[in-house]
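Have a look at the structure below, then the notes.
Indexing begins at 1, ligand by ligand and atom by atom, following the structure's order. Along the sequence shown, the residues carry numbers beginning at 1. These values consider heavy atoms only, across backbone and side chains, with no hydrogens, waters or symmetry-generated copies.
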Amino acid sequence: MKTALILNGPNLNLLGTREPAVYGSQTLADVEKLCERACTANGFALDFRQTNHEGTLVDWLHEAGKLHAKGKLAGVILNAGAYTHTSVALHDAIKGTGITLIELHISNVHAREEFRHHSYISPAAKAVMAGFGVNGYALAVAGLAGMQ
Ligand code: CA2
């Protein structure tokens with residue numbers, strides 16, 4: 001069974017505690033449960049993580065590259081949070097790994113502040129999902145299944 005690696009970046013540990021109008025009222029633990037169900041339904045093992053540190057995300061993407069090389073990775077779903085809009089390091093880490101990566105945002109970043117319109121992740125991603133709320137995670141898992 002291949003693994004779906006779902007990576008969450010800075011401040012996503014605060015999900016459900018503030019800004020419910022933008023991000024909904026479900027917590028990150030709720031999102032993990034939703035992802036468990038979606039992965040079971042699609043025949044994936046789930047590895048679900050969150051960090052507030054850019055370098056840790058880079059390390060996890062390198063780990064994903066090694067898993068991919070061994071044929072054990074279905075793909076990565078990455079909500080890089082605010083690093084989406086700033087991080088050349090994440091762009092570089094994704095490029096060249098050969099991994100299938102779906103960029104995910106809970107909110108529709110294009111309907112928000114201009115600084116959220118640019119993504120360093122998009123040019124290195126296979127697909128981009130934004131604006132479906134936390135249900136976007138389940139949709140992305142189904143999308144990943146369709147890419148196998
Ligand atoms: O819409 C998304 O998923 C974002 O990736 C979320 C990031 C934001 O910087 C991106 O532009 C879009 C922010 C995550 C912070 O999440 C919070 C949730 C609740 C309370 C405070 C922050």
Open item on the list: For a quick check under 3.5 Å, do N8 and Y137 share a side-chain donor-acceptor pair by atom type?
Closed with: yes
Open item on the list: I want to check something: taking the side chain as every heavy atom from C-beta on, are R49 and L5 in contact at a cut-off of under 4.5 Å?
Closed with: yes
TODO: For residues T97 and H68, determine if any side-chain heavy atom of one lies less than 4.5 Å from a side-chain heavy atom of the other.
DONE: no
Open item on the list: Assigning hydrophobic clusters by single linkage (Ile, Leu, Val, Met, Phe, Trp, Tyr; side-chain heavy-atom cutoff under 4.5 Å), is L144 placed with I106?
Closed with: yes
Open item on the list: For residues I99 and L46: do they belong to one hydrophobic cluster (side chain heavy atoms under 4.5 Å, members Ile, Leu, Val, Met, Phe, Trp, Tyr)?
Closed with: no
Task: Set of residues that line ligand 1, where lining means a heavy atom lies under 4.0 Å from it - done: P10, N11, L12, L14, L15, R18, E19, Y23, N79, G81, A82, H85, H105, I106, S107, V109, R116
Open item on the list: If you define the side chain from C-beta out and look only at heavy atoms, does anything of W60 sit under 4.5 Å from D47?
Closed with: no
